[in-house]
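The sequence lines fix the lettering, A, B, ..., with proteins before strands; numbering per chain opens at 1.
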Number of protein chains: 2
Amino acid sequence: MEIVDLSTLPQKDTRYDEFLKQVCEKYEMDHAAYAGMNPAAGSIHGHVTYSDEWKAHYQEQGLHLIDPTLHMSQRSIAPVDWSRLERGKDFQRVFRDAHDFGIPDQGITIPVRGPYGDIGLLSATRECSREEWKKLVGSVITDLQSLAVHIHDHVMTSESISRMLYHPTLSSREQEILQWAAAGKSQQDIGDILSISHRTVEVHLRSAREKLNALTTPQAVGRAIGIGLIYPG
Amino acid sequence: MEIVDLSTLPQKDTRYDEFLKQVCEKYEMDHAAYAGMNPAAGSIHGHVTYSDEWKAHYQEQGLHLIDPTLHMSQRSIAPVDWSRLERGKDFQRVFRDAHDFGIPDQGITIPVRGPYGDIGLLSATRECSREEWKKLVGSVITDLQSLAVHIHDHVMTSESISRMLYHPTLSSREQEILQWAAAGKSQQDIGDILSISHRTVEVHLRSAREKLNALTTPQAVGRAIGIGLIYPG
DNA sequence: GAATCTATTGGGGGATTCCCGTAGTTTGGC
DNA sequence: GCCAAACTACGGGAATCCCCCAATAGATTC
């Protein structure tokens, strides 16, 4: 996974940073962050109101690989209050570091999903008492959900980023062969079915794995199904 | 695609119908409808406040195959006002029929996506002037977005739906290991992660394949994702 | 015409999966 | 208490997958 800090791009679009700042002000938050990711394409990109030092540290340390807020988002639909995250090793690591940069572990993340396996996350943090936080969240969560959809939709439909993040396209042969693999056929079977060498089948499977950023065929099949390139066989 | 009317099931859960009715009342709508679909698994299920006659007609005619509100939802993240739908052949067909059953073509559909490729749609309609409708939508859309997430999350995690769709149930260990396989881990990797022998991992994968009636692990992963037992890793 | 991409086939070899067993412990239900 | 099922663990051997390499033909692009 590679991190792309959208604010450093040449076609930098300051509207998003501005947008996040406004979110902070309007909803009385310390920080707001948007992250978009596409596991199949293997990319993460984002806008944050955090300090540049934290951004640099986060990227240097590869914290995106263990960030529990990112992991959570891969399986949740509903907003997740950080207090409900599992207090594991990764959590300790990320939030201990975050604390050193003045970022509290009191926050909320709202995931939204797009049609191409893309995931958008809108997070907001605030340092205050637990009671105060609960009350705040209750009063702004529906607005934040709406904003999360809005910003993710906006980012994904913008030309510059969508080209980077769009789900990979398999060649018709790759798609065909992956479909047979999902149907439980071995490489030899597929070769016989398509009247080609099982060697060739393996080549196509490999390139399909590469395009889907998958380490194994099972993972490739899973991702292809997840983004609708093939169907469960 | 097969349609399942959740309200006709023996384990019928009237809370959803009740919920939709309340949505109508609270937000001054004529009708509200929830539809959940999983293109990968090829299923559609739903709750509606429409008349039984319309439900029957809809299913008999197979209107779900051409319903533009369903099609739209497969590629959109943001809410879609029906006035923005393409006025094509399918639109004419569905909404002409709908009109005969007292359902207006003024409505809005809010799509939400889950981690398994599942899509939830919350729709609401109201017969009134264009100005009135615009004003109404503006004032309730954020609430509806929030409700859409809520109901879809609820339906997808409810026991009844998963039982209804006849899913083989994997043991927690099998599910866990299959999830790691979908994440691209080898049997040896998984054994190391879970601190068990890679032989044992293979046993669990085998029984998972048997339960899913799959010939290979890729097929098992695909099916498990298709029916929502695991998510693409 | 050259370069690039895709589809195709092949060899060799190591890594991995998969199927055939056996067997002890735990867990939950009857 | 008993039984079925799940979970754990181990091993041999065959099948399969996966990765390295190279090579040809056709289509498209520059």
Quiz prompt | Between D:dC17 (C1') and A:Leu215 (CG): distance, integer Å | solution = 14 Å

Self-check item: Value in whole Å for how far the C1' atom of C:dT17 lies from CG of A:Leu205
Solution: 15 Å

Quiz item: For the side chain of A:Glu174, counting heavy atoms from C-beta on, which of D:dA9, D:dC18, C:dA7 is nearest?
Solution: C:dA7

Practice problem: Could you check A:Lys211 against A:Ile196 and say which one's nearest nucleotide on DNA chain C is further toward the 5' end? | Solution: A:Lys211

Quiz prompt | Nearest heavy atoms of B:His71 and B:Leu65, plus distance in Å | solution = CE1-O, 3.3 Å

Self-check item: A:Lys134/A:Glu131 salt bridge by N-O under 4.0 Å criterion
Solution: no

Quiz item: To the nearest angstrom, how far is B:His198 atom NE2 from D:dC7 atom C1'?
Solution: 17 Å

Quiz prompt | C:dT17 phosphate, OP1 or OP2, under 4.0 Å from B:Gln187 side-chain N/O | solution = yes

Practice problem: Using a strict cut-off of less than 4.0 Å between a Lys/Arg side-chain nitrogen and an Asp/Glu carboxylate oxygen, indicate whether B:Lys21 and B:Asp17 qualify as a salt bridge. | Solution: no

Quiz prompt | Protein-nucleotide distance (B:Ile177, atom CD1; C:dT16, atom C1'), rounded to Å | solution = 16 Å

Quiz prompt | Presence of donor-acceptor pair under 3.5 Å, side chain of A:Arg199 and base of C:dG12 | solution = yes

Quiz prompt | Phosphate contact (C:dT17 OP1 or OP2) by B:Arg206 side-chain N/O below 4.0 Å | solution = no

Quiz prompt | First of B:Val203 and B:Thr216 reached from the 5' end of DNA chain D, by closest nucleotide | solution = B:Val203

Quiz prompt | Sugar-phosphate only, base, or nothing, as touched by B:Ser207 at under 4.0 Å among non-hydrogen atoms | solution = nothing

Quiz item: The side chain of B:His204 lies closest to which of these nucleotides: D:dC18, D:dT8, C:dT9?
Solution: D:dT8

Practice problem: Measure from NZ on B:Lys185 to C1' on D:dC18 and round the result to the nearest Å. | Solution: 17 Å

Self-check item: A:Arg209 and A:Thr217 side chains, donor-acceptor separation under 3.5 Å
Solution: yes

Self-check item: side-chain N/O B:Thr200 vs D:dA9 OP1/OP2, d < 4.0 Å
Solution: yes

Exercise. Among C:dA7, D:dC7, D:dC20, find the nucleotide with the atom closest to the side chain of A:Ser172.
Key: C:dA7

Quiz item: When you check the gap from the basic side-chain N to the acidic O, do B:Asp90 and B:Arg93 get nearer than 4.0 Å?
Solution: no

Quiz item: Do the side-chain N and O atoms of A:Ser171 and A:Glu174 include a donor-acceptor pair separated by under 3.5 angstrom?
Solution: yes

Exercise. Would you please confirm or rule out a distance under 4.0 Å between OP1 or OP2 of D:dC7 and any side-chain N or O of B:Ser171?
Key: yes

Quiz item: Given D:dT8, is OP1 or OP2 found less than 4.0 Å from the side-chain N or O atoms of B:Arg173?
Solution: yes

Exercise. Check the distance between C:dT6's P and A:Glu202's CD and give it to me in whole angstrom.
Key: 17 Å

Quiz item: A:Gln188 CD to D:dA14 P: how many Å, rounded?
Solution: 18 Å

Quiz item: Which whole-number value in Å describes the distance from A:Ile190 CD1 to D:dC18 P?
Solution: 10 Å

Quiz prompt | Nearest listed nucleotide, side chain of A:Ser186, among C:dC18, D:dT16, D:dC19 | solution = D:dT16

